[in-house]
J.: 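I'd like to ask some things about the structure below.
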There are 2 protein chains.
Amino acid sequence: MANKSYHHGNLRNSLIEAGIELINQEGINQLSLRKVASLCGVSQAAPYAHFKSKEDLMGAMRDHVIGLFMEVLEKAAFSCSNQNDPRLLVEMGKRYVLFFIENPKYFTFIFSQHYMEVNLDLEGDDTKNFPPYQLFKTHAIRILGNMGMTYEKIEDGIISMWATVHGLASIATMKNVHYSKEWGEKIEDIIWNK
Amino acid sequence: MANKSYHHGNLRNSLIEAGIELINQEGINQLSLRKVASLCGVSQAAPYAHFKSKEDLMGAMRDHVIGLFMEVLEKAAFSCSNQNDPRLLVEMGKRYVLFFIENPKYFTFIFSQHYMEVNLDLEGDDTKNFPPYQLFKTHAIRILGNMGMTYEKIEDGIISMWATVHGLASIATMKNVHYSKEWGEKIEDIIWNK
DNA sequence: TAAATAATCTTTACGCTGTTAAGATTAAGT
DNA sequence: ACTTAATCTTAACAGCGTAAAGATTATTTA
């Protein structure tokens, strides 16, 4: 991808991927623009042709990771034979948690600076919603609605479920968590415990 | 507290308080040792007489904030007339979330670098457990045990409840959360929805 | 009390960081 | 072929964490 010419050719994408790789290897605190530029074989100021700041690059990195995350969640929802089965929500929740257990560095990265919009109301503007939450919300409204829940129950239920799943991901990715069980096998039980 | 003499007199505590104040005002990303030192009226290197690194100071700041947090949780548990009523857990959960809604900057600060130990098992060493979780766990074991739950149900239940409460705090403190209700009035409903 | 020691603070300096400015190189468009 | 725009390099700046050397003051010891 990177040749020896003056122009890199694919610097923008390379910076995003190198930045994510650096977070995976050294953690978000060790992420620096100069390291990322160096990994791509360009000078320290080269990134400024593609991003207006470090924050801007990190935003693009975040979007990329969220894209990977969305693929996992959409696959989980799609693979469910009955789209009205509440187990679809549990399956999504399970994949939500497992994604961050498999990629622990991503959790702090995505949620440490949370610039995403989150609309917890059933009404209102969802167009700028944090995509993973919006996906969960869409399925939840349909499924819980089919179960005959009241409007208010649905709203509370969605918040409660997402909080449980999100909190579980947060706990599971903490540095020194002692847990004798296998997350993959227990997550469903814990969510169902609700 | 701070006089004009060569020695500050109470620098260690002043640094901790000034650091927390700075996080509240400018956010954790703007926290720097030099700013904190300047706020205390001492030179940039003065903090090194009391802390061996910025991380070390931040650890002390974290301990201080966790102390404030613990006071709130202990008060919530203590104020419950019947110590075996499951509502004690909900009340603690409510205060858990409200604490971070009232002090949003503390959430990212405490949980962005999570060095705390967390033992999710009913057995094992709890001595180094993250104190707020340990407090919740202690009460939960007693209360859920009194309800005749099985060992496994209790373990899953504690994790599920903490995840819900912790996740709720995480969501409620996100930057652009749209929610038409008042958190203070709704938190209980959302937790009870479990 | 006087001297020695330890704690606390200042000044200076180093390398790393994000960012800007000026200019070199190359690609794209006319 | 010439112009323009995009992309890159080099150089420089201020702010950062931190270490070293030395000044000042409190504390201990003789």
Side-chain angles (χ1 to χ4, degrees), chain A residues 1-64 105 108-109 112-113 115, chain B residues 1-64 105 108-109 112-113 115:
Chain A
M1 202 69 89
N3 45 22
K4 296 149 204 163
S5 67
Y6 191 92
H7 287 74
H8 181 285
N10 191 26
L11 184 55
R12 203 192 125 92
N13 289 331
S14 293
L15 289 168
I16 292 172
E17 285 169 20
I20 292 172
E21 184 64 19
L22 194 55
I23 283 186
N24 271 324
Q25 304 220 334
E26 303 188 17
I28 193 171
N29 289 336
Q30 316 303 324
L31 177 73
S32 85
L33 255 181
R34 293 165 106 108
K35 277 188 197 168
V36 175
S38 175
L39 284 172
C40 294
V42 295
S43 77
Q44 60 197 253
Y48 287 89
H50 303 275
F51 303 99
K52 69 184 213 295
S53 67
K54 182 187 181 184
E55 268 310 303
D56 194 27
L57 168 59
M58 288 177 72
M61 289 163 54
R62 202 160 32 234
D63 288 344
H64 190 262
K105 298 279 173 61
T108 309
F109 172 54
S112 63
Q113 305 130 308
Y115 295 131
Chain B
M1 202 69 89
N3 45 22
K4 296 148 203 164
S5 66
Y6 191 90
H7 288 74
H8 181 285
N10 192 26
L11 185 56
R12 204 193 124 93
N13 289 330
S14 293
L15 289 168
I16 292 172
E17 287 169 19
I20 292 172
E21 183 64 20
L22 194 54
I23 283 186
N24 271 324
Q25 304 220 336
E26 303 188 15
I28 194 172
N29 290 336
Q30 316 303 324
L31 178 73
S32 86
L33 254 182
R34 293 165 106 107
K35 277 187 198 169
V36 175
S38 175
L39 283 173
C40 294
V42 295
S43 76
Q44 60 197 252
Y48 287 90
H50 303 275
F51 303 99
K52 69 183 213 296
S53 67
K54 181 188 181 184
E55 268 311 303
D56 194 25
L57 167 59
M58 288 177 73
M61 289 164 54
R62 202 159 34 235
D63 288 344
H64 189 264
K105 298 280 173 58
T108 309
F109 173 54
S112 64
Q113 306 129 307
Y115 295 130

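Labels below follow one simple rule: chain letters A, B, ... track the order of the sequence lines, proteins then strands, and each chain is numbered from 1.
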J.: Report the distance from atom CG of A:Leu15 to atom P of C:dG18, rounded to the nearest whole Å.
T.: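 Answer to the nearest Å: 13 Å.
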
J.: Taking side chain to side chain donor-acceptor pair (under 3.5 Å) as the test, write out the residues that go with A:Asn13, two or more places apart.
T.: A:Asn10

J.: Once you round it to whole Å, what is the distance between P of D:dA26 and CG of B:Asn10?
T.: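 That distance rounds to 15 Å.
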
J.: Residues two or more places apart in sequence or in another chain: which of them pass side chain to side chain contact (heavy atoms under 4.5 Å, CB included) with B:Arg34?
T.: B:Ser32, B:Gln44

J.: Taking all heavy atoms of A:Gln30 and all of A:Lys35, pick out the closest pair and write down the distance.
T.: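 Nearest pair, atom of A:Gln30 first, then A:Lys35: O-NZ, 2.9 Å.
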
J.: Report the distance from atom CG of A:Asn13 to atom C1' of D:dT7, rounded to the nearest whole Å.
T.: 15 Å

J.: Going by the rule side chain to side chain contact (heavy atoms under 4.5 Å, CB included), which residues pair with B:Asn29 if we only count those two or more places apart in sequence or in a different chain?
T.: A:Gln113

J.: Whole angstroms only, please: what is the NE2-C1' distance between A:His8 and C:dA27?
T.: 16 Å

J.: Does C:dC9 have OP1 or OP2 sitting under 4.0 Å from an N or O in the side chain of B:His50?
T.: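 Indeed, a polar side-chain atom of B:His50 lies that close.
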
J.: Using the side chain to side chain contact (heavy atoms under 4.5 Å, CB included) criterion, which residues pair with B:Gln25? Sequence neighbours excluded.
T.: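 By the side chain to side chain contact (heavy atoms under 4.5 Å, CB included) rule, B:Gln25 matches B:Glu21.
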
J.: Return a table of donor-acceptor pairs under 3.5 angstrom between the side chains of residues 45-53 of chain A and protein atoms on other chains or two or more places apart.
T.:
from: A:Ser53; atom 1: OG; to: A:Glu55; atom 2: N; distance (Å): 3.4
from: A:Ser53; atom 1: OG; to: A:Asp56; atom 2: N; distance (Å): 3.1

J.: For A:Leu11 and C:dT25, give me the distance from atom CG to atom P, rounded to whole Å.
T.: 19 Å

J.: Rounding to an integer number of Å, can you tell me how far A:Phe51 CZ sits from C:dT20 C1'?
T.: 18 Å

J.: Name the closest nucleotide to the A:Ala49 side chain, picking from C:dT10, D:dT9, D:dT7.
T.: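 Selected nucleotide: D:dT7.
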
J.: Which letter, B, S or -, goes with each nucleotide of nucleotides 15-24 of chain D from 5' to 3', with contact meaning a protein heavy atom under 4.0 Å?
T.: -BBBBB--BB

